[in-house]
K.L.:
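Below is the structure I would like to discuss, written out as structure tokens.
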Amino acid sequence: MITIKSAKEIDLMRKAGEITALALQKVGEAVVPGVMTAELDKIAEETIRKNGAIPSFKGYPGYAEAKPFPGAICASVNEEVIHGIPGSRVLKEGDIISVDTGAIYRGYHGDAARTFAVGMISEKAAKLIQVTRESFFRGIGKAVAGNRIAEISAAVQEYVEKNGFSVVRDYVGHGIGAEMHEEPQIPNFAVKAKGPRMEQGMTLAVEPMVNEGGSEVRTLDNLWTVVTEDGSLSAHYENTIVITRGKAIILTVLDN
Ligand code: MF3
Ligand code: CO
């Protein structure tokens with residue numbers, strides 16, 4: 001079942017989204033050569049808690065045999081796609097890092113991700129980050145009440161592939177609200193089943209994961225970190241949005 005949120009619930013998600021965005025902003029400011037990913041995790045967790053929210057990723061149950069996720073952020077460097085575990089890794093000039101984080105405010109979730117450049121990066125890496133971000137905006141251009149989820153999927157995929165990159169197929173966006181992961185699934189690629197129609201008051205996390213090379217991914221032995229099969233770079237861009245009869249409203253921004 002896809003839940004429709006009341007105005008009151010959306011207000012709480014706005015607050016959760018704002019705190020999530022603030023955490024990402026603080027982390028982004030700290031992304032410099034020489035920083036340890038555990039330090040970025042600490043900044044996010046402190047920002048979320050100081051603002052009266054709870055980091056939703058910390059302790060999130062693992063799939064199958066995996067241990068609960070240990071961090072407030074996923075810190076995925078270079079060929080790591082998602083679910084990188086923050087720790088002793090030190091970022092170096094030329095790396096890219098995808099940071100995904102989430103906050104729960106009075107029972108409601110915000111979820112967002114950005115890919116940051118560490119110092120000077122290659123032109124190709126910069127293009128990957130830019131195309132991933134723009135694919136999100138192409139996708140939400142279709143996120144209007146009455147349209148189908150599949151229209152978001154197709155718009156993301158089309159833009160990414162037109163630019164010579166590929167979309168990850170093993171992980172998808174999702175509904176969000178009182179749970180981090182709710183129905184519906186939001187693939188970043190066209191699927192035969194057109195999926196449900198969007199309605200005003202649905203809240204969704206749209207999150208293109210884009211690889212420089214092929215779309216294939218695999219999971220490392222830590223049972224969390226997902227990497228590109230071919231070792232190529234990957235970028236991620238995610239926001240929590242609310243569907244209206246006009247343009248979708250992005251909740252994971254500052255001062256909304
Ligand atoms: N935020 C991720 C998503 O977009 C999920 C994070 S998994 C966790 O669905 F374990 F880190 F929480
Ligand atoms: Co998400």
Side-chain angles (χ1 to χ4, degrees), residues 2-3 13 16-17 19-21 23-24 27 37-38 40-45 47-49 53-77 80-87 97-105 108-116 132-133 135-136 139-140 143 149 152-153 156 167-189 202-210 217 219-220 222-227 234-243 248 250-253:
I2 305 177
T3 57
M13 291 187 69
I19 295 166
T20 303
L24 282 178
V27 168
T37 56
L40 302 177
D41 185 59
K42 187 160 177 264
I43 290 167
E45 178 161 4
T47 304
I48 291 167
R49 291 197 192 281
I54 300 164
S56 54
F57 291 13
K58 205 166 178 164
Y60 191 79
Y63 314 98
E65 304 291 293
K67 295 197 172 68
F69 194 78
I73 64 168
C74 297
S76 308
V77 182
E80 296 173 353
V81 180
I82 49 168
H83 301 170
I85 298 175
I97 179 171
S98 299
V99 178
D100 189 350
T101 195
I104 310 169
Y105 183 78
Y108 285 87
H109 286 255
D111 184 5
R114 307 277 182 265
T115 301
F116 299 111
T132 304
R133 179 181 183 279
S135 74
F136 165 87
I140 69 159
I149 293 291
I152 301 178
S153 308
V156 170
V167 291
V168 171
R169 290 157 178 272
D170 292 5
Y171 298 88
V172 296
H174 49 93
I176 180 169
E179 306 288 338
M180 177 157 62
H181 295 131
E182 298 186 354
E183 287 180 45
Q185 296 200 347
I186 309 172
N188 295 303
F189 49 95
M202 285 182 181
T203 45
L204 308 173
V206 177
E207 49 175 321
M209 290 151 269
V210 178
V217 299
T219 305
L220 298 184
N222 67 24
L223 302 179
W224 274 110
T225 311
V226 176
V227 298
S234 188
H236 190 192
Y237 190 91
E238 174 181 30
N239 283 305
T240 301
I241 66 168
V242 56
I243 302 301
I250 302 179
L251 297 176
T252 37
V253 290

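Keep in mind it's a predicted model, so treat the numbers as computed, not measured. We count ligands from 1, going down the list as the structure has it; atoms in each ligand are counted the same way. Scope of the values below: all heavy atoms of this structure, side chains included, with no hydrogens, waters or symmetry mates. Residues: numbered from 1 along the sequence shown.
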K.L.:
Measuring centre to centre across the rings, with the benzene-like ring taken for any Trp, is Phe136 within less than 6.0 Å of His236?
P.N.:
no
K.L.:
What atoms in ligand 1 come closer than 4.0 Å to a heavy atom of Glu207?
P.N.:
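In order of numbering, the contacting atoms are 3 (C), 4 (O), 9 (O).
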K.L.:
Counting backbone and side-chain atoms alike, does His181 have an N/O/S atom under 2.8 Å from the Co ion (ligand 2)?
P.N.:
no
K.L.:
Based purely on interatomic distance, does Trp224 place a nitrogen or oxygen under 3.5 Å from a nitrogen or oxygen of ligand 1?
P.N.:
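By distance alone, the answer is no.
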K.L.:
Please tell me whether Thr3 and Glu182 have a donor and an acceptor in their side chains that are separated by less than 3.5 angstrom.
P.N.:
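Note: Thr3 and Glu182 side chains meet the donor-acceptor criterion.
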K.L.:
Taking all heavy atoms of Ala23 and all of Ile48, pick out the closest pair and write down the distance.
P.N.:
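Smallest interatomic distance, heavy atoms only, reads CB-CG1, 3.9 Å.
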K.L.:
If you measure from each heavy atom of Gly102 to ligand 1, is any distance below 4.0 Å?
P.N.:
no
K.L.:
Once rounded to 10°, what is the value of the angle centred on the Co ion (ligand 2) between Glu207 OE2 and Asp111 OD2?
P.N.:
170°
K.L.:
Students should be able to answer this: which protein heavy-atom is nearest to atom 2 (C) of ligand 1, and at what distance?
P.N.:
Asp100 OD2, 3.4 Å
K.L.:
Which protein non-hydrogen atom lies closest to atom 7 (S) of ligand 1, naming both residue and atom, and how far is it?
P.N.:
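Going by distance alone, atom 7 (S) of ligand 1 is nearest to His83 NE2, 3.7 Å.
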K.L.:
With rounding to the nearest 0.5 angstrom, report the CZ to CD distance, Arg133 to Glu238.
P.N.:
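Interatomic distance, Arg133 CZ to Glu238 CD, rounded to 0.5 Å: 15.0 Å.
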K.L.:
For Tyr60 and ligand 1, does the shortest N/O to N/O distance drop below 3.5 Å?
P.N.:
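Tyr60 vs ligand 1: no N/O contact under 3.5 Å.
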K.L.:
Checking Trp224 side chain against Lys67 main chain: does a donor-acceptor pair fall under 3.5 Å?
P.N.:
yes
K.L.:
Give yes or no for whether the N/O distance cutoff of 3.5 Å, strictly under, is met between Glu238 and ligand 1.
P.N.:
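Checking ligand 1 against Glu238, an N or O pair does fall under 3.5 Å apart.
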K.L.:
Could you find the nearest protein heavy atom to atom 9 (O) of ligand 1 and give me its residue, atom name and distance?
P.N.:
His181 NE2, 2.6 Å
K.L.:
Would you say Glu183 and His174 are linked by a side-chain donor-acceptor pair, where the criterion is simply a distance under 3.5 Å?
P.N.:
no
K.L.:
Ile241 and side chain to side chain contact (heavy atoms under 4.5 Å, CB included): which partner among Ile250, Ile176, Thr203?
P.N.:
Ile250
K.L.:
Ser234 side chain to Val81 main-chain N or O, any donor-acceptor pair under 3.5 Å?
P.N.:
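No: the side chain of Ser234 does not pair with the backbone of Val81.
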K.L.:
Which of the N/O/S atoms in His174 sits closest to the Co ion (ligand 2)?
P.N.:
NE2
K.L.:
Could you identify the N, O or S atom of Glu238 positioned closest to the Co ion (ligand 2)?
P.N.:
OE2
K.L.:
Polar contacts were defined as any N/O atom of the residue lying under 3.5 Å from an N/O atom of the ligand; does this apply to His174 and ligand 1?
P.N.:
yes
K.L.:
Apply side-chain contact (heavy atoms from CB on, under 4.5 Å) to the pair Ile19 and Thr47, showing each step before the final yes or no.
P.N.:
CA-CA 8 Å; Ile19 295 166; Thr47 304; 5.5 Å; no
K.L.:
Which of the numbered atoms in ligand 1 are below 4.0 angstrom from a heavy atom of Asp111?
P.N.:
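Answer, ordered by atom number: 1 (N), 3 (C), 4 (O), 9 (O).
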K.L.:
Specify whether Tyr63 and His83 have parallel, tilted or perpendicular ring planes, treating 30° as the upper limit for parallel and 60° as the lower limit for perpendicular.
P.N.:
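Judged by the thresholds at 30° and 60°, the geometry between Tyr63 and His83 is parallel.
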K.L.:
What about Ser56: any of its N or O atoms under 3.5 Å from an N or O on ligand 1?
P.N.:
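Between Ser56 and ligand 1, no N or O pair is found under 3.5 Å apart.
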K.L.:
Can you list the atoms of ligand 1 that are under 4.0 Å from a heavy atom of Cys74?
P.N.:
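Every atom of ligand 1 under 4.0 Å from some heavy atom of Cys74: 11 (F).
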K.L.:
Any idea which protein heavy atom is nearest atom 1 (N) of ligand 1, and the distance to it?
P.N.:
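Result: Phe57 CZ, 2.8 Å.
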K.L.:
Which of the numbered atoms in ligand 1 are under 4.0 angstrom from any heavy atom belonging to Met180?
P.N.:
12 (F)
K.L.:
Checking Thr101 side chain against Thr20 main chain: does a donor-acceptor pair fall under 3.5 Å?
P.N.:
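The answer is no, because no donor-acceptor pair under 3.5 Å joins these two groups.
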